[in-house]
Amino acid sequence: NAGVTQTPKFRVLKTGQSMTLLCAQDMNHEYMYWYRQDPGMGLRLIHYSVGEGTTAKGEVPDGYNVSRLKKQNFLLGLESAAPSQTSVYFCASSYEPGAFTDTQYFGPGTRLTVL
Amino acid sequence: AQSVTQPDIHITVSEGASLELRCNYSYGATPYLFWYVQSPGQGLQLLLKYFSGDTLVQGIKGFEAEFKRSQSSFNLRKPSVHWSDAAEYFCAVVTGGYQKVTFGTGTKLQVIP
């Protein structure tokens, strides 16, 4: 049982490049989330998904897109990377349908630098 | 709008000493409250959570937290800190019909021998 995994672990992009971060979970969880973590700002929710084929905006969605084509995977895309998107990105998942109140299980993070 | 405040950015304690990390929230009703811990280079792990009932909640690794409605606080405590407790600790609240989660900015704990 791998839990929540994230690919890649590190990435350096140039401004304007695009990339996709992959999150996978093997716990059959309904909810999945993407956060970014910046120094002094805690975690901020980018997008989330309440089930396969559904996505919703979080607190800071601009500049990101997501897709959940399969229940176990949640992809985060940056179409045109900007230096302001330099951050550590965390994926999380939780089981209970219909609420954020269930325990979230986090992946190890992806450190992204945009030059 | 809801908010979560962790007033201490960094705390240093001696191994074996007691610990209290502060968390205050701003919200009209009682939110769902969480404490997570993040070890260096790792994702977050749930320590404990409070939904209702007994206001003193026990968690993993010997941690506990007390919900105080009158103070809008949910402080995390441990009676005797171990060197392995060195990490960053995040308080989080869920509100808005349980569709909104807000994390605090974190408190980094250093444990000295």
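So you know, we letter chains A, B, ... as the sequences are listed, proteins then strands, and number each from 1.
Only the side chain of B:Gln38 comes within contact range of chain A, with heavy atoms under 4.5 Å apart. Looking at A:Gln37, only its side chain comes within 4.5 Å of chain B, counting heavy atoms on both sides.
Below 30°, between 30° and 60°, or above 60°: for B:Phe103 and B:Tyr36 the angle between ring planes is between 30° and 60°, a tilted geometry.
With rounding to the nearest 0.5 Å, the separation of CG in A:Leu76 from OG1 in A:Thr110 is 9.0 Å. In this structure, CZ in B:Arg22 is found 7.0 Å from CD1 in B:Ile11, a value given to the nearest 0.5 Å.
Counting heavy-atom neighbours within 6.0 Å of A:Gln17 CD, excluding the residue itself, gives a total above 12. In the displayed structure, A:Arg111 atom CZ is contacted under 6.0 Å by at most 12 heavy atoms of other residues, nucleotides or ligands.
Interface summary for chain B: among A:Leu43, A:Val4, A:Val88, the most heavy-atom pairs under 4.5 angstrom belong to A:Leu43.
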Counting only pairs under 3.5 Å, give me each side-chain donor-acceptor contact of residues 19-27 of chain A, with atom names and distances, residues two or more places apart or in other chains.
| residue | atom | partner | partner atom | Å |
| --- | --- | --- | --- | --- |
| A:Gln25 | OE1 | A:Met27 | N | 3.0 |
| A:Gln25 | OE1 | A:Asn28 | N | 3.1 |
| A:Gln25 | OE1 | A:His29 | N | 3.1 |
| A:Gln25 | NE2 | A:His29 | O | 2.9 |
| A:Gln25 | NE2 | A:Lys71 | O | 3.3 |
| A:Asp26 | OD1 | A:Gly3 | N | 2.9 |
| A:Asp26 | OD2 | A:Ala2 | N | 2.7 |

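By a heavy-atom distance cut of under 4.5 Å, B:Gly43, B:Leu44, B:Leu46, B:Lys49, B:Phe51 are the residues of residues 43-79 of chain B near chain A, going up by number. The interface of residues 104-113 of chain B with chain A, defined by heavy-atom distances below 4.5 Å, comprises B:Gly104, B:Thr105.
Listed for the A:His47 side chain is no donor-acceptor partner under 3.5 Å among the backbone atoms of A:Gly58.
Each of A:Ser49, A:Ser94, A:Ser93 was scored for a side-chain hydrogen bond (donor to acceptor under 3.5 Å, both in side chains) with A:Tyr33, with one residue passing: A:Ser94.
Applying the disulfide (SG to SG under 2.5 Å) test to residues at least two apart or on different chains, none of the pairs has a partner in residues 29-75 of chain A.
A donor and an acceptor atom, one from each side chain of B:Thr102 and B:Tyr25, are nowhere located under 3.5 Å apart. Side-chain polar atoms of A:Ser87 and A:Asp38 form a donor-acceptor pair below 3.5 angstrom.
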